[in-house]
J.: 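Quick one: the structure is below, questions incoming.
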Amino acid sequence: MPAERRRGIATVCLSGTLEDKLTAAAAAGFDGVEIFENDLLASPWSPARVRRECAHRGLTIDLYQPFRDFEAVPPAVLARNLRRAELKFDVVEQLGADTILVCSSVSPDAVDDDDLAAQQLRTLAERAGERGLRVAYEALAWGRFVNTYDHAWRVVRAADHPALGVCLDSFHVLSREVDPVAIRTIPGDKVFFVQLADAPRLRMDVLQWSRHHRLFPGQGAFDLTSFVDHVLATGYRGPLSLEVFNDVFRQSDPFAAAVDAMRSLLLLQESADAAPVLEGHAFTEIDVDDTAAARVGSALAGLGFTAAGRHRTKPVELWRQGGARVVLNHRRPVDGGHAAVTAVAVASTDPTTSSARAKAFLAPSLGSSAVAAPDGTSVIFCRDDLDWLADFAPFDTAAGVLDAGVLDTDHVGLTEPFDRFQQAGLFYRAVLGLDLADEAEFAAPFGLVRRHSVADRGHRVRVALDSTLVRRGTWGPDVREPQHVAFSTSDAIAGARRMRDLGAPLLDIPDNYYDDLDARFAPDPDFLASLRSLSVLYDRDGSGEFLHFCTELLGDRVYFEVVQRIGGYQGYGAVNAPVVMAAHRRRRKSAG
Ligand SMILES: O=C(O)c1ccc(O)c(O)c1
Ligand SMILES: [Mg+2]
């Protein structure tokens with residue numbers, strides 16, 4: 001896709017007043033906007049002023065929308081609709097735009113008559129054409145008679161007027177069963193406008209789905225890449241414009257949302273040159289205060305980690321076992337048992353290119369090799385040759401290095417605020433070049449958790465992102481959004497036994513869980529007995545098995561996990577997460 005393709009955004013995507021929206025769209029680098037009628041109606045600016053304000057910000061106005069319920073009506077209604085249209089054409093002219101969007105009718109006045117619809121749209125196009133304006137006809141997925149793109153195209157073709165074309169909105173196209181491939185048969189000069197939106201697969205009324213749940217491209221389940229491919233195959237030369245109705249985005253900071261929107265378009269337009277290969281998690285950094293430092297340190301020792309060195313200039317300690325590394329940063333000034341994952345460092349074959357890619361995807365820079373994720377976590381790119389280890393003065397480990405079979409870091413689990421969940425997923429995918437690897441939804445004790453896990457193709461870097469609707473239960477203020485670092489092992493049972501011997505604070509899992517495992521999987525009785533006695537959790541899917549166990553919470557939100565993947569299991573044991581969360585809560589209550 002040529003890089004010079006213009007990028008647009010509908011004002012309806014963003015929160016705030018028209019002024020807020022335009023400023024945010026411009027700041028994120030959009031070329032143009034669709035002015036959504038309600039935003040204009042609520043604005044104190046005249047259409048001519050809106051035109052000037054857009055021009056100042058370097059934005060063109062590419063579309064005015066929507067104009068509703070026009071076509072296939074009795075003559076008296078047509079006369080009223082044409083008057084209404086002429087007044088809106090005045091607005092479009094004053095805005096300096098050339099195209100108005102007309103959505104297929106939902107009106108009870110309309111009749112099921114394509115010839116009449118075509119004839120009346122032709123009349124509308126004649127009026128528009130006289131003023132040098134164009135009408136883009138869009139099939140709403142819930143339109144009364146016209147509700148598929150191919151039907152809208154048949155009507156437009158029958159109307160046969162140069163000032164009438166179609167608007168292709170990916171939501172309306174992809175939410176219906178009709179195969180989008182026939183888009184390719186529409187001549188490019190009859191495609192007047194293209195709107196892009198993604199959406200999760202939901203079984204619900206299509207109007208509600210569209211008005212509340214649209215997402216930016218790449219955040220949902222639609223194949224936007226193929227859609228754009230079809231659209232461009234027509235020869236369409238206009239902008240790719242985002243039109244996303246979303247309850248959460250409507251309330252989000254418009255500057256952040258506009259950046260998220262732009263990032264989604266950049267990812268959609270990404271050319272073939274892929275992100276540098278990632279070789280794994282280099283280290284995970286945890287900020288600790290003094291109390292938490294003692295707990296986290298003794299937990300790491302219990303898991304078989306060794307304190308390997310101290311940073312030469314910062315209050316930072318390095319712990320390692322196998323290829324797994326945890327860095328404890330004693331930078332939290334106030335004591336109170338707080339610990340938090342603050343940085344995820346990945347080993348890249350080419351950290352310079354990784355950083356450049358992050359910058360190209362609008363990641364805020366934190367210096368030469370680090371960027372900030374939407375939740376504030378630092379993402380650091382380093383080399384696998386571990387040059388950075390030279391910053392650490394090694395401790396004397398001659399006395400002996402413990403080992404409990406940890407091989408590497410398997411994944412990092414972060415909890416995202418609900419209103420940044422989609423943004424976070426897109427960020428990790430765009431910036432690190434990861435793919436959505438797993439999606440899960442589970443009912444935990446303190447809310448329904450959504451989990452999106454992202455991973456590189458080689459599954460060497462994995463991040464699991466959880467989110468709940470409300471940030472935390474106000475009735476249980478000790479319940480904080482958990483974070484965890486998971487380490488891989490090739491023998492979870494042996495590992496759990498060894499770590500218990502070493503004094504790791506491992507979480508006890510109730511008997512009910514094992515009785516249910518027995519019922520579901522009919523495991524070998526000795527194996528089940530081992531799982532039960534060591535509080536190791538188990539899951540299985542079509543491709544493999546998963547054994548895992550967790551520590552207690554160390555501080556107010558961080559815990560460690562040890563996982564064993566057998567066969568091709570790529571999940572995260574989401575089915576067991578509610579049991580872990582309940583066990584963490586139980587421990588906290590008994591501790592408190
Ligand atoms: O939800 C709507 O009514 C609506 C309006 C205009 C659009 O372009 C659209 O896709 C949906
Ligand atoms: Mg639309």
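Atoms within a ligand are numbered from 1 in the order they appear, just like the ligands themselves. Both backbone and side-chain heavy atoms feed into the values below; hydrogens, waters and symmetry mates do not.
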J.: Please tell me if the side chains of Gln423 and Phe216 come closer than 4.5 Å, counting only heavy atoms from C-beta onward.
T.: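 No - every pair of side-chain heavy atoms lies 4.5 Å or more apart.
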
J.: Under 4.0 Å between a side-chain nitrogen and a carboxylate oxygen: does that hold for Arg429 and Asp435?
T.: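 Between Asp435 and Arg429 there is no salt bridge, as every charged N stays at least 4.0 Å from the carboxylate O atoms.
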
J.: So with a 6.0 Å cut-off around CZ of Arg157, is the heavy-atom count from everything else above 12?
T.: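 More than 12 heavy atoms, drawn from other residues, nucleotides or ligands, come within 6.0 Å of this atom.
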
J.: Backbone or side chain, does any N or O of Glu138 fall under 3.5 Å from an N or O of ligand 1?
T.: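 Between Glu138 and ligand 1 (N or O atoms, distance only) the closest approach is under 3.5 Å.
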
J.: Between Asp39 and Lys21, is the closest basic N to carboxylate O distance under 4.0 Å?
T.: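 A salt bridge links Lys21 with Asp39.
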
J.: So between Arg68, His172, Glu34, whose heavy atom ends up nearest atom 10 (O) of ligand 1?
T.: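 Closest candidate by heavy-atom distance is His172.
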
J.: Output yes when a side-chain donor or acceptor of Tyr569 lies under 3.5 Å from a complementary backbone atom of Gly573, and no otherwise.
T.: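 Such a contact is found between Tyr569 side chain and Gly573 backbone.
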
J.: Identify, by atom number and element, the atoms of ligand 1 in contact range of Glu243, meaning under 4.0 Å from any of its heavy atoms.
T.: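 Every atom of ligand 1 under 4.0 Å from some heavy atom of Glu243: 6 (C), 7 (C), 8 (O), 9 (C), 10 (O).
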
J.: For a distance under 2.8 Å, give residue and atom name for each protein N, O or S atom next to the Mg ion (ligand 2).
T.: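 Atoms qualifying: Glu138 OE2, Asp169 OD2, Gln195 OE1, Glu243 OE1.
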
J.: Determine whether more than 12 heavy atoms belonging to other residues, nucleotides or ligands lie under 6.0 Å from atom CD of Gln208.
T.: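 For Gln208, atom CD is crowded (more than 12 foreign heavy atoms under 6.0 Å).
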
J.: Of the backbone atoms (N, CA, C, O) and the side-chain heavy atoms from C-beta on, which set of Phe171 has a member under 4.0 Å from an atom of ligand 1: side chain, backbone, both, or neither?
T.: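 No part of Phe171 is near ligand 1 at this cut-off.
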
J.: Tell me, do Pro74 and Val77 make a side-chain contact under 4.5 Å, heavy atoms counted?
T.: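 Side-chain contact under 4.5 Å: yes.
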
J.: Please list all pairs passing the side-chain hydrogen bond (donor to acceptor under 3.5 Å, both in side chains) test where one or both residues lie in residues 78-92, with sequence neighbours left out.
T.: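 Of all non-adjacent pairs touching residues 78-92, those that pass side-chain hydrogen bond (donor to acceptor under 3.5 Å, both in side chains) are Glu37-Lys88, Asn81-Arg84, Glu86-Arg127, Glu86-Arg131, Asp90-Arg131.
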
J.: Below 4.0 angstrom from a heavy atom of Gln195, which ligand 1 atoms are there? Numbered from 1 as shown, please.
T.: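 Under 4.0 Å from Gln195, ligand 1 has these atoms: 8 (O).
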
J.: Would the distance check show the side chain of Glu34 and the main-chain N or O of Gln65 forming a donor-acceptor pair, the cut-off being under 3.5 Å?
T.: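 Judged by distance alone, no pair lies under 3.5 Å.
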
J.: Would Trp142 count as being in polar contact with ligand 1, using the rule that some N or O on each side must be under 3.5 angstrom apart?
T.: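 N/O-N/O distance under 3.5 Å: no.
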
J.: For ligand 1, note which part of Leu207 has a heavy atom under 4.0 Å away: side chain, backbone, both or neither.
T.: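 Under 4.0 Å from ligand 1, Leu207 contributes no heavy atoms.
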
J.: Find all atoms of ligand 1 within a distance of less than 4.0 Å from any non-hydrogen atom belonging to Gln65, and give their numbers and elements.
T.: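 Reading through ligand 1 atom by atom, the close ones are 6 (C), 7 (C), 8 (O).
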
J.: Is it true that a side-chain atom of Tyr572 and a backbone atom of Val575 form a donor plus acceptor pair closer than 3.5 Å?
T.: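 A pair under 3.5 Å: no.
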
J.: Just jot down the ligand 1 atoms closer than 4.0 angstrom to any heavy atom of Arg211, in number order.
T.: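 Here the atoms of ligand 1 in question are 1 (O), 2 (C), 3 (O).
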
